[in-house]
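All values derive from a computational prediction rather than experimental measurement. Numbers here simply count residues along the sequence, with the first being 1. Atom set for the values below is all heavy atoms of this structure, side chains included, hydrogens, waters and symmetry mates excluded.
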Amino acid sequence: MKLLEDRIIMEGAVLPGNVLKVGSFLNQKIDTKLLRSMAEETARLYEGQGINKIMTVEASGIAFAAAVGMVMDLPVLFAKKHQSSNVDGETLACHAHSYTHNTDYNMVVSRAYLTPSDHVLLVDDFLANGAALNALTELVRMSGASLAGVAVCIEKRFQGGGDALRAKGIRVEALALIESMEDGKIKFAHTI
Ligand code: 5GP
């Protein structure tokens, strides 16, 4: 998506450890016009797929998920990274590793909010090694719901998580697909 790629080139910063910082329009300050455009593009890509729920994981995926949910007129569910008093009753849980914090955590969702009749679109801001989205697909599988696919704002393809999901037969769409970030130079694979 050219709008997003241009923004990444203009404002993104490549930090040590292959972390792309996009705090000025996505991860801290949010450009709501860009967010709406990204949500509309995602809705176009997944139109007519019978999706009835958008799902992500806290915290940085929530804004994009909520925007997609609003455009598609669908409810949004976000998994918690810790068991909290907001998650009571029977839960589904899956172990995951945080790329940006380099810590392990349990991804938790109330079973009541994810049911076998759901057809789910998983979304997130970034797809890197795929730990977060793998845990989300596992929660969907455990619930008995079906998976329509994955949509992310930015996929760092060189980290392999997206292609590993594709190899499992899962549809993965990235609005910006980064092929490499060597020496701080961002190279995109193709433009949607
Ligand atoms: P993965 O689990 O695919 O390795 O990483 C995905 C998660 O880590 C995303 O939810 C995102 O919050 C975070 N993440 C991974 N890579 C980056 C990055 O380059 N920049 C930022 N800002 N977040 C990232």
Side-chain angles (χ1 to χ4, degrees), residues 1 3-5 26 34-81 87 90-97 99 106-157 159-178 188-192:
M1 188 181 164
L3 211 56
L4 175 60
E5 290 180 3
L26 185 61
L34 176 65
L35 188 70
R36 184 185 292 121
S37 299
M38 292 194 296
E40 285 168 353
E41 181 62 12
T42 304
R44 190 188 65 75
L45 289 165
Y46 278 99
E47 196 180 355
Q49 299 300 303
I51 294 161
N52 72 334
K53 198 166 278 176
I54 310 298
M55 184 175 173
T56 190
V57 58
E58 67 178 357
S60 58
I62 295 176
F64 179 50
V68 173
M70 278 191 259
V71 170
M72 295 180 79
D73 205 11
L74 293 174
V76 174
L77 175 66
F78 63 93
K80 299 269 186 182
K81 284 188 177 164
V87 189
E90 200 184 338
T91 57
L92 300 169
C94 184
H95 182 262
H97 179 79
Y99 181 81
N106 243 353
M107 202 182 274
V108 189
V109 74
S110 297
R111 184 181 271 280
Y113 299 150
L114 195 57
T115 70
S117 62
D118 285 330
H119 193 46
V120 180
L121 175 63
L122 294 176
V123 306
D124 205 355
D125 58 344
F126 273 89
L127 172 53
N129 295 313
L133 277 157
N134 267 309
L136 284 167
T137 58
E138 184 57 19
L139 292 179
V140 171
R141 192 197 60 75
M142 287 161 85
S143 74
S146 56
L147 182 61
V150 169
V152 296
C153 301
I154 303 169
E155 176 182 345
K156 294 183 293 177
R157 192 172 199 177
Q159 291 184 281
D163 285 340
L165 290 168
R166 291 181 185 99
K168 287 191 209 167
I170 296 171
R171 179 178 173 190
V172 180
E173 300 284 355
L175 301 179
L177 187 58
I178 296 179
F188 295 104
H190 60 74
T191 303
I192 304 178

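In terms of heavy-atom proximity, Gly149 sits nearest to Leu121 at O-CD1, 3.4 Å. For Ala96 against Ala135, the heavy-atom pair with the smallest separation is CB-CB, 3.8 Å. Listed here is the closest heavy atom pair of Asp163 and Glu155: N-OE2, 4.2 Å. In this structure, Val57 and Ala132 approach most closely via the heavy-atom pair CG1-CB, 4.4 Å. Shown here for Leu114 and Asp118, the closest heavy-atom pair between the two residues is CA-OD2, 3.5 Å. Leu4 and Cys153 make their closest contact through CD2-O, 3.3 Å (heavy atoms, listed as atom of the first residue, atom of the second, distance).
Counting only distance, with no hydrogens or angles, the side chain of Thr56 and the backbone of Ile62 share no donor-acceptor pair below 3.5 Å. Asn52 contributes a side-chain N or O that, together with a main-chain N or O of His119, makes up a donor-acceptor pair within less than 3.5 Å. Checked by atom type and distance alone, the side chain of Glu58 pairs as donor or acceptor with a backbone atom of Lys81 at under 3.5 Å.
A heavy-atom distance below 4.5 Å is not found between the side chains of Phe188 and Leu177. For the pair Leu35 and Phe64, the minimum side-chain heavy-atom distance is below 4.5 Å.
Atom CG of Leu26 is separated from atom OG of Ser60 by 7.5 Å, given to the nearest 0.5 angstrom. Put simply, CG on Leu3 and CD on Glu41 are 10.0 Å apart, with the number rounded to the nearest 0.5 Å. Atom CG of Leu45 sits about 6.0 Å away from atom OG1 of Thr42, to the nearest 0.5 Å. Interatomic distance, CE of Met70 versus CD1 of Ile54, reported as 11.5 Å (0.5 Å rounding). Here the straight-line distance linking atom CE of Met107 with atom CG of Leu92 works out to 12.5 Å at 0.5 Å rounding. Atom CG of Asn106 is separated from atom NZ of Lys80 by 14.5 Å, given to the nearest 0.5 angstrom.
Considering Val123, Leu122, Leu147 in turn, Leu122 is the only one that fulfils the side-chain contact (heavy atoms from CB on, under 4.5 Å) rule with Met55.
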Subject >> Step-by-step salt bridge (charged side-chain N to carboxylate O under 4.0 Å, His left out) determination, Glu138 to Arg141 >> reply: CA-CA 5 Å; Glu138 184 57 19; Arg141 192 197 60 75; 2.7 Å; yes
- Could you walk me through whether Leu133 and Val152 pass the side-chain contact (heavy atoms from CB on, under 4.5 Å) check? CA-CA 10 Å; Leu133 277 157; Val152 296; 3.7 Å; yes
Exercise. Passes side-chain contact (heavy atoms from CB on, under 4.5 Å), Ile154 versus Asp125? Steps please.
Worked result: CA-CA 6 Å; Ile154 303 169; Asp125 58 344; over 6 Å; no
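Few gaps surround CZ on Arg166; more than 12 heavy atoms of other groups in view lie less than 6.0 Å from it. Counting non-hydrogen atoms of neighbouring residues, nucleotides and ligands closer than 6.0 angstrom, the OH atom of Tyr113 reaches no more than 12 such neighbours.
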